[in-house]
Protein chains: 2
Amino acid sequence: MKSDVQPRSDCVFSNVLDLLGDKWTLLVVRDLMFFGKHEYKEFLASPESIATNILSDRLKKLVIAEIAAEKTHPENKSRKYYYLTEKGKALLPMLIEMARWGAIYLPDLERMQGVYAKLKSDPGKVRAAVLRSLRSWERDHI
Amino acid sequence: MKSDVQPRSDCVFSNVLDLLGDKWTLLVVRDLMFFGKHEYKEFLASPESIATNILSDRLKKLVIAEIAAEKTHPENKSRKYYYLTEKGKALLPMLIEMARWGAIYLPDLERMQGVYAKLKSDPGKVRAAVLRSLRSWERDHI
DNA sequence: TTGACCACTTGCATTTTGCAAGTAAGATTA
DNA sequence: TAATCTTACTTGCAAAATGCAAGTGGTCAA
């Protein structure tokens, strides 16, 4: 299903950026992918302090784009789980390359040194571990 | 040299997106990387029809971030060449993974079929060819 | 000297972002 | 059962970003 945004052209980069090309969307994907965050308040608690209307808007767009999916919390109807679809998990290689670029050109990010070291030694392993963790959570929750 | 944008956090994704996370910046990088475009009017002619003030702004930011560089045209002082720095060329793996994601999830983009086929058969070759082309242009012009 | 070209800048309207307060549904507690 | 709390938002409005269309200044060629 298509986003209702009119594509600017039929270039793959343009189309991807129509979906993901803002400062917040990929941070939500990051939280889903790497930080085991699945609920609205967890995303709100990320260090960048996203605004509530922006978070709501981005989650909605990710669901519409089928990059993420949502389900009502099994025990508490006030809460929702968000999680990545296969389409969303498939963004991992791009995010890994983004992080590898950052390892070289943004080396001083204190919080990233552990991740940078792992990416340097075995990016394949990082990828496998992330996917394993995502699937494990889904087995338990979906 | 740092951008004058205050980072939102010390996460690599957040920092990269502070530089690149809008709809236009990576399209300019795309034109530099893949389409042999080096001048302002060439970027203006891309199918997405970027606004002149936005293009100017994004080129300036790419130069400040040292992702691109500029030089006055050797024969005509009214014109400028823009080209990717090593830092800019190093975005290629991320762009390749973005395109590979698009090959799976945005398969119907008519303009992309040739690129999709090449990425499928030999992404390493694509990468090498792009870098070769960039360096060749630089030997002739910088 | 004039007109064309190129790379922008500018003023203003529109859109997006983000703040802060508020709302509704559901859960918990007294 | 009612009051309070929690959660996920929505809303109104201000600020910032985007983008349109016109304009500007420097350079070049005729």
Side-chain angles (χ1 to χ4, degrees), chain A residues 3-9 14 17-29 31-32 36-65 68-83 141, chain B residues 3-9 14 17-29 31-32 36-65 68-83 141:
Chain A
S3 166
D4 59 355
V5 170
Q6 187 65 27
R8 290 174 287 168
S9 79
S14 179
L17 293 170
D18 286 343
L19 287 175
L20 304 174
D22 66 279
K23 289 179 166 57
W24 294 108
T25 303
L26 280 179
L27 291 191
V28 176
V29 173
D31 285 353
L32 288 160
K37 293 182 179 183
H38 294 280
E39 297 193 53
Y40 188 93
K41 69 186 182 191
E42 294 178 311
F43 301 120
L44 270 194
S46 290
E48 297 86 6
S49 300
I50 190 171
T52 55
N53 54 322
I54 300 300
L55 176 55
S56 170
D57 176 73
R58 297 308 190 264
L59 285 169
K60 185 171 305 185
K61 282 173 172 160
L62 285 169
V63 170
I64 289 172
E70 66 181 36
K71 102 170 244 199
T72 305
H73 193 282
E75 292 165 13
N76 187 327
K77 286 204 205 73
S78 311
R79 293 162 67 183
K80 268 181 186 170
Y81 283 144
Y82 292 93
Y83 57 97
H141 296 90
Chain B
S3 167
D4 58 357
V5 172
Q6 188 64 30
R8 291 175 285 165
S9 79
S14 178
L17 293 170
D18 286 342
L19 287 175
L20 304 176
D22 66 279
K23 289 180 167 56
W24 294 108
T25 303
L26 281 179
L27 290 190
V28 176
V29 172
D31 285 353
L32 288 160
K37 293 183 179 184
H38 295 281
E39 298 195 54
Y40 188 93
K41 70 184 180 192
E42 294 178 310
F43 302 119
L44 271 193
S46 291
E48 296 86 8
S49 300
I50 191 171
T52 56
N53 54 324
I54 301 300
L55 176 55
S56 169
D57 176 72
R58 298 303 192 267
L59 284 168
K60 184 171 307 183
K61 283 172 170 157
L62 284 168
V63 170
I64 289 172
E70 66 182 36
K71 101 170 243 194
T72 306
H73 193 283
E75 293 166 11
N76 189 328
K77 286 204 204 74
S78 314
R79 292 161 67 182
K80 268 180 185 171
Y81 283 144
Y82 291 93
Y83 55 98
H141 296 90

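Predicted model, so just to flag it, every value in this text is computed and none were measured. Just so we're on the same page: letters track the sequence lines, and every chain starts at 1.
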Checklist entry - What pairs of residues pass the salt bridge (Lys or Arg N to Asp or Glu O under 4.0 Å) test when at least one of them lies in residues 68-78 of chain B, not counting sequence neighbours? => result Glu70(B)-Lys80(B)

Item to check | All pairs passing salt bridge (Lys or Arg N to Asp or Glu O under 4.0 Å) where residues 44-57 of chain A contributes a residue, at least two apart | outcome: Arg30(A)-Glu48(A), Asp57(A)-Lys61(A)

Once you round it to whole Å, what is the distance between [atom2] of [N] and [atom1] of [X]?
| X | N | atom1 | atom2 | answer |
| --- | --- | --- | --- | --- |
| His73(B) | dG26(D) | NE2 | C1' | 16 Å |
| Leu55(B) | dA17(D) | CG | P | 18 Å |
| Asp22(A) | dT18(D) | CG | P | 11 Å |
| Ile54(B) | dA17(D) | CD1 | P | 10 Å |
| Leu44(B) | dG19(D) | CG | P | 13 Å |
| Tyr81(A) | dC9(D) | OH | P | 15 Å |

Could you pull out the protein-nucleic contacts involving nucleotides 27-30 of chain D (nitrogen or oxygen on both sides, under 3.5 Å)?
from	atom 1	to	atom 2	distance (Å)
dT27(D)	O4'	Ser78(B)	OG	3.2
dC28(D)	OP1	Lys77(B)	N	3.0

Checklist entry - Do Tyr82(B) side-chain atoms and Lys37(B) backbone N/O form a donor-acceptor pair below 3.5 Å? => result no

Item to check | For DNA chain C, the residues among residues 46-53 of chain A that have a non-hydrogen atom under 4.0 Å from it | outcome: Ala51(A), Thr52(A), Asn53(A)

Checklist entry - Who passes salt bridge (Lys or Arg N to Asp or Glu O under 4.0 Å) against Asp22(A), sequence neighbours left out? => result Arg58(A)

Checklist entry - Can you tell which of Val29(B), Ile50(B), Leu55(B) makes a side-chain contact (heavy atoms from CB on, under 4.5 Å) with Trp24(B)? => result Ile50(B)

Checklist entry - Taking all non-hydrogen atoms of both residues, which atom of Tyr81(B) and which atom of Pro74(B) are closest, and how far apart? => result CE1-CD, 3.5 Å

Next on the checklist: Please identify the 5'-most and 3'-most nucleotides of DNA chain C with any atom under 4.0 angstrom from a heavy atom of chain A.
Outcome noted: dT17(C) to dA27(C)

Next on the checklist: Applying side-chain contact (heavy atoms from CB on, under 4.5 Å) to Asp18(B) and Arg8(B), what does each step give before you reach the verdict?
Outcome noted: CA-CA 8 Å; Asp18(B) 286 342; Arg8(B) 291 175 285 165; 2.7 Å; yes

Checklist entry - Would Thr25(A) and Leu19(A) count as a side-chain contact (heavy atoms from CB on, under 4.5 Å) if you check the C-alpha gap in whole Å, the side-chain angles of each, and the deciding distance to 0.1 Å? => result CA-CA 8 Å; Thr25(A) 303; Leu19(A) 287 175; over 6 Å; no

Checklist entry - Below 4.0 angstrom from OP1 or OP2 of dG19(D), is there any side-chain N or O of Lys23(B)? => result no

Checklist entry - Is Lys80(A) near enough to dC9(D) that one of its side-chain N or O atoms lies under 4.0 angstrom from OP1 or OP2? => result yes

Checklist entry - How is Phe43(A) classified with respect to the nucleic acid when contacts are heavy atoms under 4.0 Å: base, sugar-phosphate, or nothing? => result nothing

Checklist entry - Mind checking whether Leu32(A) and Phe43(A) have side chains closer than 4.5 Å, heavy atoms only? => result yes

Checklist entry - Taking atom OG1 of Thr72(B) and atom CZ of Arg79(B), what is their separation to the nearest 0.5 Å? => result 12.0 Å

Checklist outcome for this item: In this structure, CG of Leu44(A) is separated from CD1 of Ile54(A) (nearest 0.5 Å) by 12.0 Å

